[in-house]
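We count ligands from 1, going down the list as the structure has it; atoms in each ligand are counted the same way. Owing to the predicted nature of the structure, the values given are computational and were not obtained by experimental measurement. Count residues from 1 along the sequence.
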Amino acid sequence: MCGIVGYVGAKQAAPVLLDGLSKLEYRGYDSAGIAVSDFKNNINIVRSKGKLCILSEKTEGGKKLEGVCGIGHTRWATHGEPSENNAHPHYNDDRTIVAVHNGIIENYAELKGKLIRQGYGFYSQTDTEVATKLVDYYYKKHNDPIRAIANFVLRVRGSYALAVLFKDFPNQIFAVRKDSPMVIGIAGGETFIASDVPAILKYTNKVYYVGNTEIAHLEKGKVTFYNLDKEPINKEVAEITWDAQSAEKDGFEHFMLKEMYEQPKVVKDTVNGLLVDGKIDFISAGLSDEELKNFNQITVAACGSAYHAGVVLQYVTEELARIPVRVELSSEFRYRNPVADKNCLVIVISQSGETADSLAALREAKKLGMKTLAIVNVLGSSIAREADCVLYTKAGPEIAVATTKAYSSQLIAAYALALKLATVKNTITGERYLSLIKELSSLPEKIEIILNGKESIQHFASEAANKKNVFFIGRGVDYAVGIEGSLKLKEISYIHSEAYAAGELKHGPISLIEDGTLVIGVLMQDRLLEKTLSNLVETKSRGAFIAAVTCENNEKAAEVADITINVPKTEGLFAASLAVIPLQLFAYYLSVLKGNDVDKPRNLAKSVTVE
Ligand code: AGP
């Protein structure tokens, strides 16, 4: 997704903008640009296709652009191919209004036609140029930047995080957002704007979270907020608790590797954050025991890995709390005209809290009058702020596009919810509850053990480097972790992969098995071991190479598998937390072997804030 930054203060703006954009590279982009107001009050713009280093070279690290106020952008192409001409910032004809934008203006074609009829010309294929010239149109009409932006808001449909420079208002930035993320930072005599906290955390941990259609006026060390009637809005400053170091690699080669190694601590922090006097507590999430007891069904809406965590939540909650759990892809739920039920808890799982489909699913559930719980990692994100209740995972900033630690913390939240529901519904004994809580607390150490044995996974990855297709199979929770392992492999190694419920292979997919096909069986469920083993044998007899992820000393698995990847023994319901670790490492090492951009895989973005 695109990233925007802005700065006004005492420093030269350009280097600050380039530094901020470098912290947003993980969002995925294909071109970049910055605009800075110079001391003669001209707005100078430099844009480039490709990586940020090209823009930095063009501007000599920003030295070529003098001035203390500016905006910047990394573009993930939606309208118009990646090119310098389509790169932001975009501008009006006399460069007196310059803007950067993250999001999609859905009615841009209609607006472009209107502006052409008003005599406007266009140099690019982007919706952002249309947005910029629409602001220009209203500014010429009202001669007031706030009113110009308010009229823009009333006229456009879609999503936007928009930051605008007006030549008539030197050393000031005007901004507005709807559905696309935006955070404003303030420190001493400086003010910052960005799509995400890592871009400004080096300078300040004091931020404002901007609400939908709130207009911000940034000056040196001062921010004023207005509603669409140009009435001032009072907003509280929030304090970011994690430090800039957390958003750095700390000596690891990639953010993804660093974040994998943070998983023991993240799991421990998430478990401890949910335990009060040894008992699971959801009061802090805004859900009382009485409310939880009254839910007789759950619907989960999520995307990607968050959806996969929802599948684990389904198996674990149905097993422990004996209530039906439905897991939906947010992009489907939002358009499926779902059936409302006041006794249904709708859970939206999202690391970023900004995924457009999941935000829309949340709004659909609320419109239907259903109680909503967000399981989110990013403090103050849109989904977190709009849900009725919020359970924050304690993963800290996750920079790599491929999620690992946030997924692991989502699993803990899932287990905790299942245990809480089972307790209030009295569907498990106190003894079973205590045993499961004890096992939950043992997971961080077991994850550590797996990570310490990474060399065996690295060796396994080197042997699989030329595979064209990889299959993951499992039953129950093992299937749920197989779909996550398959996604990890696809998104960072670019190797095609499928995950199937093991019993499903014989209904068609087994026709794909041929000599040397790699089949990875997840075998963590004692009760289902024999069944999955027989499915693995079916593929082996057709030439497959079998790898088994299973607990130590599983002799039956060792008889069938060509290679066994051992993980410590754990409760079958919590198996995903352990079995996923070697699958993450497998995908990581294959991506490195193939020379891919591990942290910023092609075509992907960390937070999909467009449909
Ligand atoms: C996971 O590795 C991917 N980056 C992607 O599937 C991601 O899980 C999905 O886009 C959902 O993102 P969210 O958790 O921020 O909503």
Asker: Answer yes or no: is there an ion pair linking Lys265 with Glu262, defined by an N-O contact shorter than 4.0 Å?
Answerer: no
Asker: Salt bridge or not for Glu386 and Lys366, using N-O below 4.0 Å?
Answerer: no
Asker: For atom 2 (O) of ligand 1, what is the nearest protein heavy atom, given as residue, atom name and distance?
Answerer: Glu491 OE2, 2.4 Å
Asker: State the atoms of ligand 1, each with its element, that fall below the 4.0 Å cut-off from a heavy-atom position in Lys488.
Answerer: 1 (C), 2 (O)
Asker: Would you say that Leu421 contacts Ile298 through its side chain, given a criterion of any heavy-atom pair below 4.5 Å between the two side chains?
Answerer: yes
Asker: Can the ring centres of Tyr261 and Phe252 be said to be less than 6.0 Å apart?
Answerer: yes
Asker: Below 4.0 Å, non-hydrogen atoms only: which portion of Leu487 touches ligand 1? Side chain, backbone, both or neither.
Answerer: side chain
Asker: Can you report which non-hydrogen protein atom sits closest to atom 6 (O) of ligand 1, along with the distance?
Answerer: Gly304 CA, 3.2 Å
Asker: I need the nearest protein heavy-atom contact for atom 4 (N) of ligand 1: residue, atom name and distance, please.
Answerer: Val401 O, 2.7 Å
Asker: Should the pair Asp19-Lys202 be classified as a salt bridge under the 4.0 Å nitrogen-to-oxygen rule?
Answerer: yes
Asker: Need the ligand 1 atom indices (1-based, order shown) with element for anything under 4.0 Å from a heavy-atom of Ser305.
Answerer: 1 (C), 2 (O), 6 (O), 8 (O)
Asker: Please list all pairs passing the salt bridge (charged side-chain N to carboxylate O under 4.0 Å, His left out) test where one or both residues lie in residues 479-489, with sequence neighbours left out.
Answerer: Glu484-Lys488, Lys488-Glu491
Asker: Check each atom of ligand 1 against the heavy atoms of Ala306 and keep those under 4.0 Å away; list them by number with element.
Answerer: 8 (O), 14 (O)
Asker: Below 3.5 Å, N or O to N or O, backbone or side chain included: is there any such pair between Ser358 and ligand 1?
Answerer: no
Asker: How does Glu354 reach ligand 1, if at all, at less than 4.0 Å between non-hydrogen atoms: by side chain, backbone, both, or neither?
Answerer: neither
Asker: Val376 pairs by side-chain contact (heavy atoms from CB on, under 4.5 Å) with which of Ser382, Ser352, Ser358, Ser381?
Answerer: Ser381
Asker: Should Lys405 and Glu398 count as an ion pair when the cut-off is N to O under 4.0 Å?
Answerer: no
Asker: Looking at Lys371 and Glu291, does any basic side-chain N land under 4.0 Å from a carboxylate oxygen?
Answerer: yes
Asker: Are Ile71 and Val5 side-chain neighbours, meaning at least one heavy-atom pair lies under 4.5 Å?
Answerer: no
Asker: List, one per line, each side-chain donor-acceptor pair under 3.5 Å for residues 460-467, sequence neighbours excluded.
Answerer:
unit_1, atom_1, unit_2, atom_2, d
Ser462, OG, His459, O, 2.4
Glu463, OE2, His459, NE2, 3.3
Lys467, NZ, Gly516, O, 2.5

Asker: So, does Cys303 sit close enough to ligand 1 that a heavy atom of it is under 4.0 Å from the ligand?
Answerer: yes
Asker: Can you check whether Thr403 has an N/O within less than 3.5 Å of an N/O in ligand 1?
Answerer: yes
Asker: Which protein non-hydrogen atom lies closest to atom 14 (O) of ligand 1, naming both residue and atom, and how far is it?
Answerer: Gln351 N, 2.7 Å
Asker: Is Ala402 near ligand 1, meaning one of its heavy atoms is under 4.0 Å from it?
Answerer: yes
Asker: Please list the nearest protein heavy atom to atom 15 (O) of ligand 1 with its residue and the distance rounded to 0.1 Å.
Answerer: Ser352 OG, 2.7 Å
Asker: Flag Gln410 as yes when one of its N or O atoms lies below 3.5 Å from any N or O atom of ligand 1, and as no otherwise.
Answerer: no
Asker: In the protein, which heavy atom is nearest to atom 13 (P) of ligand 1, and how far is it?
Answerer: Thr355 OG1, 3.3 Å
Asker: Just to confirm my output: which protein heavy-atom neighbour is closest to atom 10 (O) of ligand 1, and how far is it?
Answerer: Val608 CG2, 4.0 Å
